[in-house]
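In this text, all values refer to a predicted model and were calculated from it rather than measured experimentally. Here is how names work: the chains are called A, B, and so on, in the same order as the sequence lines, proteins then strands, and each is numbered from 1.
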There are 2 protein chains.
Amino acid sequence: MGRWEPDARGRLERSALELYAERGFDQTTVAEIARRAGLTERTFFRHFADKREVLFHGSHALEELLVDAVAGAPDTAAPMDAIATALDVAGGMFEERREFARRRNAVVAAHAELRERELIKLASLAASLAGALRGRGVAEPAASLAAEAGIAVFKIAFERWAGDADGPDLPRLMRESLDELRAVTAGA
Amino acid sequence: MGRWEPDARGRLERSALELYAERGFDQTTVAEIARRAGLTERTFFRHFADKREVLFHGSHALEELLVDAVAGAPDTAAPMDAIATALDVAGGMFEERREFARRRNAVVAAHAELRERELIKLASLAASLAGALRGRGVAEPAASLAAEAGIAVFKIAFERWAGDADGPDLPRLMRESLDELRAVTAGA
DNA sequence: GTCACGATGTCAGTGACTGTCATGCGGCTA
DNA sequence: TAGCCGCATGACAGTCACTGACATCGTGAC
């Protein structure tokens with residue numbers, strides 16, 4: 001055992017989510033988060049670039065997962081089908097963490113600065129997915145457009161999922177939304 | 001003539017853009033922006049909610065313009081055709097302000113916090129466009145999906161336009177990107 | 001002429017974030 | 001076993017974004 005309690009980063013993440021949910025993002029100081037985690041403010045900023053980032057540590061893992069899904073889709077799959085594979089994986093991942101995902105989303109949705117951070121994470125995800133599509137031989141701008149369309153589907157399906165605890169599961173909402181997008185963009 | 005020089009807000013906007021371009025966003029303090037505009041830091045924050053917002057004052061006007069375009073599209077137009085009308089209007093607007101738009105975009109693209117703000121403005125625009133589509137009788141989630149797809153087209157066309165000063169004009173890139181999106185989402 | 005109004009200035013305060021140096025446990029090496 | 005080093009954390013001072021409260025003073029209504 002080390003000199004300190006283990007998992008400082010995890011303690012900070014949990015303390016931050018609790019406090020943001022209890023009092024709101026603005027009414028929580030970094031010093032309070034650190035104190036609840038048994039650490040100091042300075043240590044918080046060694047683990048997270050800013051007060052928002054503490055809620056977004058998982059986004060990198062999600063990005064890797066989805067990039068792998070796109071890269072691993074059958075060679076014969078069309079670009080949007082590769083994206084659909086990734087959306088399925090994402091839906092499964094969130095469905096496994098229903099409680100946490102919904103609690104975290106409520107906090108993020110309640111504050112504009114946190115929504116901003118969420119949007120730039122999604123933009124980064126779109127860029128990575130576009131890269132994965134290019135790796136499959138898809139040209140620009142088709143790769144970026146397919147990736148952005150996939151993120152649009154993700155956003156809308158996720159929003160509906162988070163807002164209706166008794167509705168369909170997320171993978172299903174993803175598939176329905178993708179079908180809806182195909183319908184609405186069809187035709188000249 | 002008033003007690004003060006006129007157009008304080010405009011002076012602040014111009015001073016900010018100049019300084020962000022000259023030294024970078026981080027290396028510019030609000031006090032410096034205000035001093036160059038002949039005002040004080042406190043006055044800056046009376047006009048703009050924060051240091052980033054000074055670059056995004058125009059986004060509200062853009063939003064109104066595009067909402068009107070969607071609302072004013074022919075009754076017979078399909079959802080994506082109404083969106084296409086709005087994209088055409090947007091393309092024209094930026095094309096009229098080529099120089100300014102490109103200079104401003106270079107500043108925004110250079111700093112993650114500014115890109116975040118841009119993304120939330122685009123998300124707000126998407127929400128307004130979805131509202132305009134609902135006003136035309138389009139149901140959810142089709143309205144939101146069409147709006148988000150339109151924003152995806154806008155983002156990618158704008159990026160190509162900003163990155164290639166000698167390329168096609170923006171309305172043309174918008175139309176090409178929309179056609180690409182239709183092609184990539186087509187098929188089951 | 002008076003008076004309310006509105007845009008700005010002044011000043012003090014909070015809190016996010018950073019740079020720098022100190023501390024002490026665990027492991028490595030002689 | 002002794003000395004040393006790396007690494008996670010603490011302590012502390014400093015900058016700057018942003019806010020609240022109050023003062024100032026041309027302008028226009030009456």
Side-chain angles (χ1 to χ4, degrees), chain A residues 1-57 107-108 110-118 120-121, chain B residues 1-57 107-108 110-118 120-121:
Chain A
M1 210 178 55
R3 176 181 175 190
W4 296 279
E5 291 297 307
D7 195 23
R9 177 183 295 253
R11 272 149 51 214
L12 287 168
E13 284 174 357
R14 287 186 292 276
S15 302
L17 181 58
E18 287 169 16
L19 284 166
Y20 293 169
E22 286 170 18
R23 327 185 178 168
F25 181 78
D26 279 336
Q27 282 62 51
T28 303
T29 70
V30 173
E32 287 166 344
I33 298 169
R35 194 173 334 122
R36 182 172 291 205
L39 295 163
T40 63
E41 195 182 354
R42 192 66 186 88
T43 297
F44 178 97
F45 287 109
R46 285 204 181 88
H47 284 280
F48 303 103
D50 60 48
K51 192 184 167 185
R52 289 172 266 171
E53 196 66 17
V54 67
L55 292 183
F56 295 90
H57 183 234
V107 170
V108 171
H111 203 286
E113 284 185 47
L114 294 171
R115 286 202 303 277
E116 280 188 350
R117 181 57 53 85
E118 182 118 296
I120 208 170
K121 296 294 182 184
Chain B
M1 209 176 53
R3 178 178 173 192
W4 295 278
E5 291 297 307
D7 196 23
R9 177 181 296 254
R11 273 147 52 213
L12 286 167
E13 284 174 357
R14 287 186 290 277
S15 301
L17 181 58
E18 287 168 17
L19 284 165
Y20 293 168
E22 286 169 18
R23 328 184 177 166
F25 180 78
D26 279 336
Q27 282 62 50
T28 302
T29 69
V30 172
E32 287 167 343
I33 297 168
R35 193 173 334 122
R36 182 173 292 204
L39 294 163
T40 62
E41 194 182 356
R42 191 66 185 84
T43 297
F44 178 97
F45 286 109
R46 286 204 181 88
H47 284 280
F48 304 102
D50 60 48
K51 192 184 168 186
R52 289 172 265 171
E53 196 65 18
V54 66
L55 292 183
F56 295 89
H57 181 233
V107 170
V108 171
H111 201 285
E113 285 186 46
L114 294 172
R115 286 202 304 277
E116 281 188 348
R117 181 57 51 87
E118 182 118 297
I120 207 169
K121 296 293 183 185

Return the nearest nucleotide to the side chain of [X]; candidates are [options].
| X | options | answer |
| --- | --- | --- |
| A:T40 | C:dT8, D:dG10, D:dA17 | D:dG10 |
| B:T43 | C:dG24, D:dG10, C:dG9 | C:dG9 |
| B:R3 | C:dG6, C:dT8, D:dT19 | C:dG6 |
| B:K51 | D:dT9, C:dT8, D:dC18 | D:dC18 |

A:E5 bridged to A:R11 by N-O distance under 4.0 Å: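 Here A:E5 does not pair with A:R11 in a salt bridge, since their nearest N and O are not under 4.0 Å apart.
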Less than 4.0 Å between a side-chain N and a carboxylate O, is that true for A:E41 and A:K51?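 No, A:K51 and A:E41 are not salt-bridged.
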Could you give the [atom1]-to-[atom2] distance, from [X] to [N], as a whole number of Å?
| X | N | atom1 | atom2 | result |
| --- | --- | --- | --- | --- |
| A:L12 | D:dG10 | CG | P | 9 Å |
| A:R42 | C:dC17 | CZ | C1' | 8 Å |
| B:Q27 | C:dT18 | CD | P | 13 Å |
| A:R52 | D:dA17 | CZ | P | 15 Å |
| B:E32 | D:dA17 | CD | C1' | 13 Å |
| B:D50 | C:dA16 | CG | P | 16 Å |
| B:W4 | C:dG9 | CH2 | C1' | 9 Å |
| B:F48 | C:dA7 | CZ | C1' | 14 Å |

Ignoring backbone atoms, test whether B:H47 places a side-chain nitrogen or oxygen under 4.0 Å from the OP1 or OP2 oxygen of C:dT8. yes
Any donor-acceptor pair under 3.5 Å from B:T43 side chain to B:L39 backbone: no
Check whether A:E32 reaches the backbone of A:T29 with its side chain - one donor and one acceptor, N or O, closer than 3.5 Å. yes
For DNA chain C, whose closest nucleotide is more 5', that of A:R46 or that of A:D26?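 Looking at DNA chain C, the more 5' nearest nucleotide goes with A:D26.
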Go through the steps to decide whether B:K121 and A:E116 satisfy the test salt bridge (charged side-chain N to carboxylate O under 4.0 Å, His left out), and finish with yes or no. CA-CA 9 Å; B:K121 296 293 183 185; A:E116 280 188 350; over 6 Å; no
